[in-house]
Structure formats: C-alpha cells, structure tokens
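Below is one structure. I have some questions about it.
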Amino acid sequence: MSLPPIDLAVFHTNGFVRKQCRVTDLWFWTTDAERTTCGDTSEDEYTFIGKPLIDGFNQRGKALKDAMRASFLGFFEARGHTIIEPYPVLARWRDDIHLTIASIADFQPHVTSGEVEPPANPLAVSQPCIRLTDVDAVGRSGRHLTTFEMMAHHVFNRPDEGLEIYWMETCVEHCHRMLTETFGIPSSEITYVENPWCGGGNAGAAVEVIVGGLELATLVFMDMEEHPDGDVELKGDRYRTMPLQIIDTGYGLERFCWAAAGTPTIYEAIYPETVAWLKDLSGFQEVATKWPDLDLDLLLGEMSRLNGIMNIEAGVDGEKLVSLFLQRLEDRGVKVSSEQFTAITEPLANIYAIPDHMHALCNMLGDGLVPSNAKAGYLARMLARRVLRMRDDLSLSVSISELAEHHLDVNLGGHLNKQHRKGLLEILNLEEERYAEMLRKGVQVIQTQLKGLSSEVETIPDEDLFTLNDSHGLAPDMVIALARKAGWSSVALRTGFSAEMAERHARMAKAAAKDSVVGSPKFQLGEVGSTKLAYYENVYARELEANVVACREAGDEGPSEASWVVVLDQTLFYPEGGGQEGDRGHLVSGEATITVLDTQKQGPFVLHFTNAPVEAGSSVTCVLDWHRRKQLMDHHTAVHIVGGAARRLLGPHIFQAGSHLSEESGRLDITHFHRLTREDLDALEDMANEVLSTVSNTEKSELNRKDADLIHGFDLYQGGAPKGDTIRILKIAEHDTQACGGTHHDEPGQIGSIRVVRSTAVQDGVERLHIVAGDAAMAYARSQDELIRASAEVFGVHQDDLPKAASRFFKEWKEQRKTIEHLESEIVRLRTTGGSDASTTVDGVRMVVMAIDGDLKSMTTMLKELTLDVNQPTVAVLGSPDGGGKLMIGITEATVAAERYNAVDLLRSIAHHIKGGGGGRSTFAQGGGSEPEGLGAALDAARSILGG
RNA sequence: GGGCGCUUAGCUCAGUUGGAAGAGCGUCUGGUUUGCAACCAGAAGGCCGGGGGUUCAAAUCCCCCAGCGUCCA
C-alpha cells in the first residue's frame, strides 16, 4: 500500500482544497480555485522577482540573513522550542559523510536510531550546510548554492513511551502561521504538495511548501524504516513503522531572503556587496554597454523568470541549454544572439558563484579543515580551484586570500568557528601557489601529450582530454585555451564533450561503489551477558580473579597461533581498539597456565585468543603482560599529549587523522598543511615533556553523549565517531581533551619521557608523527647510539668525526670511480690503436675479431673507438665471457663496410655458439648467451664468415 | 575509499618498436666584449624512486612497494 492523503484541519480552516497537479500528478493543497499545477513545475514561473512576497525585510546580504534567521528562531522559541547552536559544517561525528548536508544530519545516526537523547525536544536550529552535488549549476541557475542555512524545527516522538510532542497537524499549522503571520505571505501564493520522502533507510510522509514558484521548505514526517516485511511501499522499497517518530523540517534561509528581496537571482539577495564588487573589478558594465541596442535589464529579468521553470541541474549540456534559452527569450520578445548571450551570462555566472564558493570554503576551513588531495580536504581544494579558475576567466587581479578577506569581513562578520584569520589566509595562499604550479606544468604536459598532433587539427582526441583532466587537473576548456596558445590555433571543444565526461565519471563512480561491498564473518557467542571491563577501574592492576563464561575454538579469527577463544565475566585485558593494540599475558587456572596471544572486542565481550582451552564455569586469574601494557599506556597517553601540543603550537586545524599504538612505538597522524621541520618536532617534544612535569594528574570521566557534545564540542572526536550513548573522556589539564576508550596513566609523569622521533607524509595534508615514550624512548636512544658507534667503528674514526669522515669517504669513492673509468677507456684506446694482431684487411675493410675481458660498458666504448673513423672502414667483433658470454659487433657507418656487412645478420649467425641471441641496428648489434665456453667457436665462425 | 598520471643531471623536462643515458637553464674553466640576463669553446655533474620478474640485453615490458600529482566518491 502507499501512504494515505495528508488531510489536515489546518488546510480546511484556512480555505485550502486538495487537487492533483496536471503536470507532476502529485496531490497538493491550495486556496486558489483556478490553480491546476502544484507550483513547482516547468509551467510555474517565479512570481516574486521584482515583487517581494515577504514584507518587512529591507536589508540585504548578511543583515537580511541575520534578521530572517532571528524571525524564524524567534517564532519557534515562542512556541516552546529550544534553540540549539548549529553544528560544524564538517560532520566529524559521522563516518559516512564528510559534510553536514542537512539539519537532520546533526542527529544522525545516534539520535535518529533512538540510542542517544536529542539535545532538546522540540528544538529549532539554523544549520549551515554544504552540498557539492550541484556545484556546476551554482551561478547559472539563479538559485543553486553549495552552502546554505537550513532552518529547522525538529521533534522526536516516542509514542510507545507516551512521548508525543506534536505531529503533522501542529507542524503544518506552525509552518502556515509563520509564513502568513510572521512573513506576511498571502495564502494564495502558498501550495502544500504531498510528496513522500525516503532516504538512508528511512521514509515518511512529507509536505513540500511552495511559495511563488519556489520551494521554501519541506516538512518530513519520518516514522518508517526499511524492512522486507514492511506493509508500505515507496519507490520500490518496503517500509514499516518504527518506534521513534521524527519531524524533520528544512526551511531554506537564503530562499526566504530571496523571496523577501525579489532580486533577479538569489545571489543578489544574499551577497549583494560581493556581486557589485566583482562586477566592478571585472568591468562587467563594459560588456553590458557593448551592445547599445540590447536592453540588459529586460534580458536579465526575463532570464531569472525563466530560471524558475528551466531545469538547470548539474550535467546538463551547455550548448543545448543556450539554444533553448535563446528560443524562450525570443518567445518573450527579447532578441539576443548566442554570442551576446554567452558574453553576458558567462561572466555573470562566475560573479555569482564566487561568493557562494568562498562562503563554503570559509566555513569549511573555518571549521579547521585542511585542504588535501583526498577525502574532505579534496572538497575544499576543488572549491578553491573553481574559484581560482573563475577569477582567471574574469581576469580579476585579486588573490584568493583577498577574496577571502573580503568575504570574511562582508559576509561572515569576521567570524570563523575555529581557524584563525591568519591560518585561513595562509592555507589559501598555499592553495593558490599549488594551482599556479599545476597550470605551469599544464603547459608542458599539453605539449608532450599533443606532440604527435598536427597544428591544423580542429579537435583534440577524447582520450587525451580525459587524461589531461583526470590525471593532470586540466579541464577541457583550459586545455583548449592553452593548446591554442601553444600553436594548435584552430582547436575547439567538441560539442557535448563535457557532458560525456561527466557521464564517464558517473559510470566510474558507480562501478567503484559496486565493488566496495564487503562483509566480515563474526563469532556467534550466543547470550552470555557481557564482559566487565575491570581495567578502567584501575589501570595499574596486574592480576584479577575472573570466571570463564565461554570457551570456543577460534577458527579463522584472531592471530594464526591462537586456537581458542575465552570469554570471561570480567577482565583486565584491554581489547584492541582506538588504535591501541590488545593486551597479552596469561590465564592461570590451578596448576595450568595458558597464554593470551591477543584480545579483541566484539559487541559487549572481550575475546581472549589463547593457545589452549579452559573449562567454562571455572575460575581463572588474569595475569597481564605488564611491561607491554605499561608501554602501550606510555605511548597512548603520550600521543594525546603530543596531539595537544600540536594543536597549541601549529593551530586549531590540527586534528587527529589516525593513530596506532604498539609496544615499540606510537604513531599519530595529524592534519596540517605544511611538512614539519625538525625545529617543529623539537618544539612539540619540548612542550610534551613540559606537560609531563607540570601536569600532575589526568582526569578521566564518563559523560552522556548529549552532555559531552555540549560541554566539550566536537574536538572530542579526534579518534573518530564513537558509538553509543556513554562517552569516556580523558582530560589532561587544559592541554588536551578527547573521547577515548584506551588505557591511560593517572599521572603523566609516569611516562618518564617522550621523544618525537620523526615525521613522514601520509598523504597531502596529513603528517605522521612517530613517537617513543617511556622505556621505548630509552631503547630508541640506545639503538641510535649503537648505530653511530658501529658506523664510526667501520670508518675507524671518533663518533664526533663521523659526518666529516663519511662525506670525505663518499667524495673520494666518487673520485676514484671516475679515475677508474678514465683508466679503462685509456686501456681501450691503447688496445685498439696499436695495430692489433687481431685485425686483417679484406678489400679495404678492416676486420677486427677480438676476445677481451670486460663488461658491456667497456666493450661498447672499445667498439666505438674501433668504428669511429670513416677513413678506416671497419667491421669489429668483440667477445667477452662476462655474464653468460657477450658478443658485440660494430660497423663504421656510411662506409663500404656498412654497405657490405650487416651486424645483426652476422651476430645471429654466430650467437648460437654461446647458446644465445641478440639484435640491434645494422651497424651495431649486441647479444649474449648462457655458454661462455663457446666464445672461441663463435669468434672463429666470425673470422671465417668475414674471410679474415 | 576508487580511477588515472608522474618519479631521469642542481633546476625544468625529452627519451620512438627493449639495443651506446640526452636537451635547455644553472655551475665551473678558457676565450671574446667598454659593458652584459650577450657570444664562442670546453668541463664537471646520473644507483633513470625502491624491490622483484621476463629477456642475451630493461630508464623502456610485467608485478609489488613508496612518494608526488590529479580526478571522482
């Protein structure tokens, strides 16, 4: 079955009637008896352009957004909603998405699954979001944005527990009253469209709120989850009702602003100063006055109305769209040529897109993101490069950091969440340098790639364009521009190529998604309760009595030496997790001692992988491998301390990108935009060791997730998004606070000392710190000393003289190698010029057949000497027992010798004597074999063929 | 996370079907010039990223690893 009609009292009391749209077939509610479309179709133009539908907002830009947001939040606060602070645009609490794409993303997956309490209920928020899926349409469609604020009111109902705050009726009533009373929108301009929503495994009824042809909001009533036995079917999947019933709304702040401003595009409503500034900088007015006959205002006005009904999405073919636009404009009495249209809309699209992209970029970097060539960092780089390209297309003489400064001051009120202004500008300057570098290399790459192509060609082969784009970052239109400059003056981009490339990328992405389906086998342990994690109570306990709950064969799980798995009612063994390796040790039962080879966590159990079984129900003593545990704790706590130092010394963008703690060393990956120098590492090391001596205690606590977020923010989740409602927190004074389930020292001083050994690059934007602490630091220092001692001994010098000695020896070694080469060539010269007994002359051609001792290199040098002189035509055959036997034949080029003899044929006819083959040019052939004993026979054969 | 490309002299990069490691710039020496970001002659400077394989022979072909770059999730 499908969903029932959404038939609410609020519709009837306000004079709405239910109709079916003749274009989309969707059911909708309207007060307009004449209306036959739902409002959001290809026949519904924007009605608010030049005639604002929302009264009382005369501001523009940031002030307009601020006022609009305050009105929205105020409305819901007055109706019992708690206003919460927006979340970061980087979704650090989630591992499935990089960016916050909707307000509901704040509460996924923990709150929406029912595992974690919402921060307030009901609540209202204005959540900055970033969506990059439509990035190509930004600036062109008049309405698309990569970054926007989703204003929302959320309700989390649990009807099975008697918690029902409100549902459809109240929700729609709130919405309607706000639109009509707070914003003064006439009822006749509003349509409510019934359009069920599904996504991410959930679904529910939904109402789209259309005002003046623009979708201003969506109200989703999410009360179903995907299930094969569900009795509701939506878009091919089956759903059933779930216990948690959520109201998920989304009101587009920028669209409200647009409807209040009535500007030709949304960009003029929210970024007016920037649009004006860029128009000025780019000399846009000059373009406009180029054709005095053209009524620019009329054109732009008609265009923005058309934008409302033309479906401009990513991937739409550019040329087709232009011709369609021209046709529609002509229908409306606006005569414009394709050339004029492009000359006006292209720069305008860039002028509109730049502030949008800068807004997304500032928000992302402001949250501490570091640009990179992978993951979330790549998204920032992509935006930065788009801005730089648009800037170049517009011939603007501003740097991206100047654009950022303008944006920060004008559109963000100077506010960044985490990153400092200086850090933001430095990052962007680096990105601009990288971009310039890419372009510089691009010129070279294009020349190499197109070398075989005639300068007359009109198109570049598709494959070359794909390669240049995918491997070298050169977009097709850039390639064309650069190729024209480089001499291929008549090349142009083939019609439809860009669309084809997008299609090809989509296919590749689809294929990749198909391959990444994985499943891992899991233990079946049945219902045996859970393991109490006694190591949290006292991290220094080394022994503990416990009862054996279960004991099974290990099968394929765990280390290969482990044959059994033991589950205890409580344990001291820390299971592998959070980058920290599992504990090891022994289980003692009476006389018997078995070895714990590894420990892992599975659900509520700790699995002890052992070399022998123990009887279920018996009691055992856990005996920890204490040295290992101490070392793991040293490294783990040290990693937190070094991470905190990095954040304080290098900046707020430092975030943990991964870590690994073993007995021997610790490894910490941090996000940073520069390679680290030894001086940086020394500073980290100094600060880390200072913490050891100045901070007496670490604070460990457990917090409810909701409170943890509230008190500490999202920097807590350095180690990734934790699961569950309860979060363990480790706080090292004011130095570092993180959610971490590892084992840590109570007193930092117990670590002894910390060394940051070196740093390596993991990927662009991620730096790996190698750390040793405690006894491992001592062991490391000793091994370093030993390296130096042993090396000094080899040279026979004092340790202090080691660098000097090494460089001297290396220099001498190179010099001597050179000398040997010279001497060798001297020997060759002597042997070949002395009128050797190995040479005879046949009809004016000198025949040299010689056996020598030497490698390939000296043979070739010798051959070169022999056959260089055109006044002495020579056929030279050299043989050496080197390797499996080598033969080499040279013939003086451009002489009678070369006319009469072929080196390759000659070689082939004698090479079989050493069981080999060979080849080369007709005047120079070389070969080898596997039987050096046959060398004499081969040379004899050569003599007889040559008649020498 | 996936695809693709790159790694050769101090720097920027060529290197064709596997067969003698190259160019330009820079450096050094000598010459020339009132002078040089000029010209002429010459020289030095290379584990062709690392490891394995195929082959008589690998900078070149195949596999693995690393780093860099790039496009897409």
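Naming: A, B, ... by sequence-line order, numbering from 1 per chain.
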With a non-hydrogen cut-off below 4.0 angstrom, is A/Arg440 in contact with a base, only sugar-phosphate, or nothing? sugar-phosphate
Hey, which sits more toward the 5' end of RNA chain B by its nearest nucleotide, A/Lys441 or A/His472?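 Taking each residue's closest nucleotide, the earlier one in sequence belongs to A/His472.
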Looking only at the side chain of A/Thr448 (C-beta and beyond, no hydrogens), which of the listed nucleotides B/A73, B/A14, B/G69 gets closest?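 Taking heavy atoms from C-beta onward, the closest nucleotide is B/A14.
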Shortest non-hydrogen contact between A/Val457 and A/Val491, atoms and distance: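 So the minimum-distance heavy-atom pair works out to O-CG1, 3.4 Å.
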What's the closest nucleotide to the A/Ser471 side chain, out of B/A20, B/C56, B/G5? B/G5
Just by distance, with hydrogens left out, do A/Thr467 and A/Asp464 show a side-chain donor and acceptor under 3.5 Å apart? no
Taking atom C1' in both B/G51 and B/A58, compute the distance separating them and give it to the nearest angstrom. 15 Å
Taking every non-hydrogen atom, the tightest pair across A/Ala105 and A/Trp93: O-NE1, 3.1 Å
When all nucleic acid strands are considered with a 4.0 Å heavy-atom cut-off, which category describes A/Lys375: base, sugar-phosphate, or nothing?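 If one applies the 4.0 Å heavy-atom cut-off, A/Lys375 turns out to touch a base.
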Side-chain donor-acceptor pair present, A/His770, A/Ser665, cut-off under 3.5 Å: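 Looking only at side-chain atoms, A/Ser665 and A/His770 do not form any donor-acceptor pair under 3.5 Å.
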Taking the C1' atom in each of B/G30 and B/A44, what is the distance between them to the nearest angstrom? 14 Å
Looking for any heavy atom pair under 4.0 Å, which part of the strands does A/Tyr378 touch: base, sugar-phosphate only, or nothing? base
Please pick, from B/C72, B/G69, B/C13, the nucleotide with the shortest atom-to-atom distance to any side-chain atom of A/Gln444.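 Selected nucleotide: B/C13.
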Between CD of A/Glu431 and C1' of B/G69 the distance, given in whole Å, is 13 Å
Compare the minimum distances between each of B/G3, B/C13, B/A73 and the side chain of A/Asp470, then state the nucleotide with the smallest one.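 Within the option list, the nearest is B/G3.
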Can you tell me the distance, in whole Å, between the CG atom of A/Leu383 and the P atom of B/C71? 12 Å
Which pair of non-hydrogen atoms, one from A/Ala483 and one from A/Ile460, has the smallest distance, and what is that distance?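 For A/Ala483 versus A/Ile460, the nearest heavy atoms are CB-CD1, 4.2 Å.
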B/U8 to B/A14 separation - P atoms, rounded to the nearest Å: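 My reading of the P atoms in B/U8 and B/A14 gives 10 Å.
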Any idea which of B/G69, B/C72, B/U12 is nearest the A/His505 side chain? B/C72
Counting any heavy atom closer than 4.0 Å, what does A/Thr467 reach on the DNA or RNA strands: base, sugar-phosphate only, or nothing? nothing
C1' spacing across the pair B/G15 / B/C48, given as an integer number of angstrom: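 Looking at atom C1' only, B/G15 and B/C48 are 10 Å apart.
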Figure out the CD/P separation between A/Gln447 and B/G24, and round it to whole Å. 17 Å
With respect to the side chain of A/Asn373, which nucleotide from B/U70, B/C71, B/G67 is positioned closest?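 Nearest nucleotide to the side chain: B/U70.
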Atom NE2 of A/His98 and atom C1' of B/C72: how far apart are they, to the nearest Å?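 Distance, rounded to whole Å: 11 Å.
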Please report the distance separating the P of B/U16 from the corresponding atom of B/G52, rounded so that it comes out in whole Å.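 Comparing P positions in B/U16 and B/G52 gives a spacing of 25 Å.
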Output all residues satisfying salt bridge (Lys or Arg N to Asp or Glu O under 4.0 Å) with A/Asp462, sequence neighbours left out; order by chain, then residue number. A/Arg494
Which is true for A/Ala911 with a 4.0 Å heavy-atom rule: it touches a base, it touches only sugar-phosphate, or it touches nothing? nothing
B/A59 to B/G46 separation - C1' atoms, rounded to the nearest Å: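 Pairwise C1' distance, B/A59 against B/G46, rounds to 11 Å.
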Considering only heavy side-chain atoms of A/Arg434, the closest of B/G69, B/G5, B/U70 is B/G69
Interatomic distance at P, B/G5 relative to B/C64, whole Å: 13 Å
If you find the nucleotide of RNA chain B closest to A/Gly928 and the one closest to A/Glu437, which residue's nucleotide is nearer the 5' end?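 Nearer the 5' end of the strand: A/Glu437.
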Intra- and inter-strand pairs of RNA chain B in dot-bracket (Watson-Crick or G-U wobble, both distances under 3.5 Å; | for another strand): (((((((..((((.....[..)))).(((((.......))))).....(((((..]....)))))))))))).
Considering all heavy atoms of both residues, which atom of A/Thr923 and which atom of A/Ala898 are nearest to each other, and what is their separation?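 The answer is CG2-CB, 4.2 Å.
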Whole angstroms only, please: what is the CG-P distance between A/Leu468 and B/C6?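 Taking atom P of B/C6 as the reference, CG of A/Leu468 is at 12 Å.
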Can you check the distance between B/A21 and B/U12, where both ends of the measurement are the P atom (answer in whole Å)?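 Roughly 24 Å separates the two P atoms.
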Students often get this wrong, so: under 4.0 angstrom with heavy atoms, is A/Arg381 touching a base, only sugar-phosphate, or nothing? sugar-phosphate
Starting at CG of A/Asp764 and ending at C1' of B/U70, how long is that distance when rounded to a whole Å? 11 Å
Within the 3.5 Å criterion, strictly below it, is a donor on A/Asp356 or A/His144 matched to an acceptor on the partner's side chain?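 There is no such pair between these side chains.
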If you look at every strand shown and take non-hydrogen atoms under 4.0 Å, does A/Arg385 touch a base, only sugar-phosphate, or nothing? sugar-phosphate
A/Met438 CE to B/C6 P, in whole Å, measures 17 Å
Expected list for residues 668-675 of chain A: side-chain donor-acceptor pairs under 3.5 angstrom, two or more places apart:
from, atom 1, to, atom 2, distance (Å)
A/Asp669, OD1, A/Arg768, NE, 2.6
A/Asp669, OD2, A/Arg768, NE, 3.4
A/Asp669, OD2, A/Arg768, NH2, 2.9
A/Thr671, OG1, A/His653, O, 2.7
A/Thr671, OG1, A/Phe655, N, 2.9
A/Thr671, OG1, A/Phe655, O, 3.4
A/His672, ND1, A/His653, NE2, 2.8
A/Arg675, NE, A/Glu767, OE1, 3.1
A/Arg675, NE, A/Glu767, OE2, 3.0
A/Arg675, NH2, A/Glu767, OE2, 3.3

Check: A/Ser372/A/Gln763 side-chain N/O donor and acceptor closer than 3.5 Å: yes
Return the value, rounded to whole Å, for the distance between atom CD of A/Gln926 and atom C1' of B/C56.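 Answer to the nearest Å: 9 Å.
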